[in-house]
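Start at 1 and go down the list; that is how both ligands and their atoms are numbered. The first residue in the sequence is number 1, and the count goes up from there.
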Amino acid sequence: MLKVGMVGMGGISHSHRKAWSQIPEAKIVSVCDIREENVREAAEETGGKAYSDLDEMLSAESLDILDICLPTYLHADAAVKALERGIHVITEKPISLRKADVARVYQAAEAHHCRFMVAQVLRFWREYIALKDAYDSGRWGKLLSGNMTRIGHTPKWSWDNWMRDPERSGLVPFDLHIHDLDFMVYAFGEPKNMTVHRAKRPNQDAFSVVYEYPGFYITTEAAWYDTDYHFQAAYRFQFEHAVMEYKDGVCKIYPAEGGCVTLEADKDANVNGINLPATNGYFNEIRYFTDCVLAGKDCERVRPRELECVLEIIDRINRESERK
Ligand SMILES: NC(=O)c1ccc[n+]([C@@H]2O[C@H](COP(=O)([O-])OP(=O)(O)OC[C@H]3O[C@@H](n4cnc5c(N)ncnc54)[C@H](O)[C@@H]3O)[C@@H](O)[C@H]2O)c1
């Protein structure tokens with residue numbers, strides 16, 4: 001049985017806890033958070049031992065896996081700490097706000113013969129996998145254009161308001177847009193060019209980026225609006241012989257010959273409390289990571305060069321929008 005420790009028992013940890021509970025070869029043996037109420041609740045739910053300090057947990061427990069759900073700015077240091085003790089690591093996105101951390105973390109994983117993976121969930125999200133399959137197979141002809149959207153309200157729930165601190169969260173590009181951008185780089189490769197438009201104020205931030213690829217382009221938008229605006233994640237892709245759309249948690253394909261095919265609903269969807277659509281993406285990513293650990297294989301579905309490329313593009317979005 002693989003012994004799993006989790007650190008950062010806030011919003012997203014609920015989806016990870018549920019996923020681990022569905023993995024028969026692994027068990028959460030310890031949980032860690034600096035907030036007593038969070039760690040108590042997580043310990044009661046999972047049966048894991050409660051800790052308030054990561055170093056203490058890593059020293060006291062002989063973990064096989066550390067699952068990091070900490071605020072973004074703490075991911076890379078926590079990952080390196082665990083890897084240096086020979087513990088396999090899965091961390092929530094993003095790996096870091098700094099590109100240099102990608103090599104630092106992967107070098108630690110290699111030096112200590114450990115598996116490491118960033119949980120870029122869209123790579124494991126059924127409706128996005130269907131889109132990649134359509135592109136790779138050419139089933140509907142060539143891709144001509146695409147649109148990806150991820151918008152919501154400015155977060156007010158995070159611990160110590162870390163999400164609204166640019167130094168700790170990187171704001172909208174790292175919180176929301178990174179999902180779509182990471183998927184694009186994974187599915188379609190590195191874009192050849194991009195154009196950025198952004199409307200940023202102290203409590204709100206909205207931007208659009210058009211990414212150009214040979215033969216097609218993808219328009220994207222990401223925003224935190226300072227209102228009660230509800231979260232939306234969607235895509236719409238135009239192929240030569242069909243349009244694929246993902247909206248309100250449902251994926252539909254409109255073939256040129258007419259009609260509409262709906263992708264069947266995900267069985268045993270991991271419904272969570274953080275306003276995201278029902279999906280098994282969190283289970284799928286943790287299942288894949290566990291399989292890599294068990295097989296002693298690198299997590300090739302999330303590669304370091306792709307992570308670096310995403311961080312380079314976000315850096316460009318920030319620089320270009322500041323220049324305008
Ligand atoms: N994949 C997704 O769909 C998705 C969705 C939401 C968040 N995330 C990512 O997950 C991460 C966490 O986000 P969240 O929404 O759960 O944030 P959150 O603020 O709800 O939770 C973070 C938790 O970490 C704890 N913490 C802070 N410092 C700590 C420390 N030094 N040691 C131990 N615990 C500490 C806080 O008390 C809090 O409980 C972020 O990096 C975010 O980008 C991913």
Side-chain angles (χ1 to χ4, degrees), residues 5-19 30-43 45 48 50-58 66-79 81-82 89-98 101 117-125 127-128 150 152-183 222 224 231-233 249 270-286 289 302 307 310-311 314:
M6 285 189 70
V7 61
M9 307 313 292
I12 196 63
S13 78
H14 292 271
S15 302
H16 287 227
R17 291 183 223 174
K18 173 148 191 215
S30 60
V31 290
C32 173
D33 199 292
I34 49 172
R35 284 192 291 182
E36 205 196 322
E37 67 276 20
N38 280 34
V39 81
R40 197 183 328 111
E41 186 249 344
E45 183 192 310
Y51 289 88
S52 59
D53 181 79
L54 176 60
D55 293 310
E56 205 184 303
M57 180 170 91
L58 296 179
L66 180 69
D67 180 354
I68 301 172
C69 294
L70 287 167
T72 297
Y73 68 104
L74 299 170
H75 292 177
D77 284 350
K81 252 182 208 178
V89 172
I90 179 165
T91 179
E92 253 309 333
K93 48 59 70 171
I95 184 169
S96 172
L97 303 175
R98 283 178 300 275
D101 279 336
M117 191 177 97
V118 184
Q120 291 291 167
V121 74
L122 292 195
R123 299 182 189 222
F124 301 89
W125 199 288
E127 291 79 1
Y128 287 77
R150 202 159 288 263
H153 57 261
T154 307
K156 298 186 174 91
W157 62 84
S158 62
W159 163 77
D160 198 33
N161 239 344
W162 70 269
M163 274 203 195
R164 290 163 78 168
D165 176 356
E167 301 302 318
R168 293 191 287 174
S169 78
L171 307 178
V172 182
F174 285 92
D175 183 49
L176 291 183
H177 186 55
I178 197 164
H179 285 291
D180 293 325
L181 175 56
D182 177 81
F183 179 80
W224 284 348
F231 177 76
Q232 289 176 52
N270 183 353
V271 181
N272 54 61
I274 55 168
N275 207 15
L276 288 166
T279 180
N280 260 345
Y282 301 99
F283 168 78
N284 294 342
E285 68 189 7
I286 284 176
F289 174 73
V302 185
L307 300 174
V310 165
L311 297 185
I314 292 182

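Between Ile12 and ligand 1, an N or O atom pair is found at a separation short of 3.5 Å. Some N or O of Glu92 is nearer than 3.5 Å to an N or O of ligand 1, by distance alone. The shortest N or O to N or O distance between Tyr73 and ligand 1 is not under 3.5 Å. Remark: ligand 1 and Asp33 share an N or O pair separated by less than 3.5 Å (distance only, no angle test). Distances between N or O atoms of Ser13 and those of ligand 1 include no value under 3.5 Å.
For the pair Asp101 (side chain) and Ser96 (backbone), a donor-acceptor distance under 3.5 Å is absent. For the pair Lys93 (side chain) and Asp175 (backbone), a donor-acceptor distance under 3.5 Å is present. Side-chain atoms of His75 come within 3.5 Å of backbone N or O of Glu92 as a donor-acceptor pair. With hydrogens and angles disregarded, no donor-acceptor distance shorter than 3.5 Å links the side chain of Thr72 to the backbone of Ser169.
Within ligand 1, the atoms closer than 4.0 Å to a non-hydrogen atom of Thr72 are 40 (C), 41 (O), 43 (O), numbered from 1 in the order shown. Listed by number with element, the atoms of ligand 1 under 4.0 angstrom from any heavy atom of Leu74 are 28 (N), 31 (N). In summary, the atoms of ligand 1 found under 4.0 Å from a heavy atom of Met163, numbered by their order in the structure, are 15 (O). Set against the non-hydrogen atoms of His75, the atoms of ligand 1 under 4.0 Å away are 41 (O). Here is the list of ligand 1 atoms found below 4.0 Å of a heavy atom in Asn38: 39 (O). With ligand atoms numbered from 1 in the order given, ligand 1 contributes 19 (O) to contacts under 4.0 Å with heavy atoms of Ser158.
Looking only at side-chain heavy atoms (C-beta outward), Arg150 and Phe231 come within less than 4.5 Å of each other. Side-chain contact between Val118 and Pro94 is absent, with no heavy atoms from C-beta onward closer than 4.5 Å. Side-chain contact between His16 and Cys69 is present, with heavy atoms from C-beta onward closer than 4.5 Å. Between Trp162 and Leu70, the closest side-chain pair of non-hydrogen atoms is not below 4.5 Å. Between Tyr51 and Val39 the shortest side-chain heavy-atom distance does not fall below 4.5 Å. Taking 4.5 Å as the limit, every side-chain heavy atom of Leu54 sits out of range of all side-chain heavy atoms of Leu74. Between Val310 and Phe174, every side-chain heavy-atom pair lies at or beyond the 4.5 Å cut-off.
If you check each of Trp162, Tyr51, Trp125, Trp159 against atom 17 (O) of ligand 1, the one with the closest non-hydrogen atom is Trp162. In this structure, of His16, Met6, Lys93, the residue bringing a heavy atom nearest to atom 42 (C) of ligand 1 is Lys93. Considering Leu54, Ile68, Ile34 only, the shortest heavy-atom separation from atom 28 (N) of ligand 1 involves Ile34. Here the shortest heavy-atom distance to atom 22 (C) of ligand 1, taken over Ala78, Pro71, Gly170, belongs to Pro71.
The closest approach between any non-hydrogen atom of Phe174 and ligand 1 is not below 4.0 Å. For the ligand labelled ligand 1, residue Gln120 lies outside the 4.0 Å heavy-atom shell. The closest approach between any non-hydrogen atom of Leu70 and ligand 1 is below 4.0 Å.
Of the heavy atoms in Cys69, only backbone atoms (N, CA, C, O) come closer than 4.0 Å to ligand 1.
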CA sep, side-chain torsions, deciding dist, call: Arg35, Glu41, salt bridge (charged side-chain N to carboxylate O under 4.0 Å, His left out)
CA-CA 10 Å; Arg35 284 192 291 182; Glu41 186 249 344; over 6 Å; no
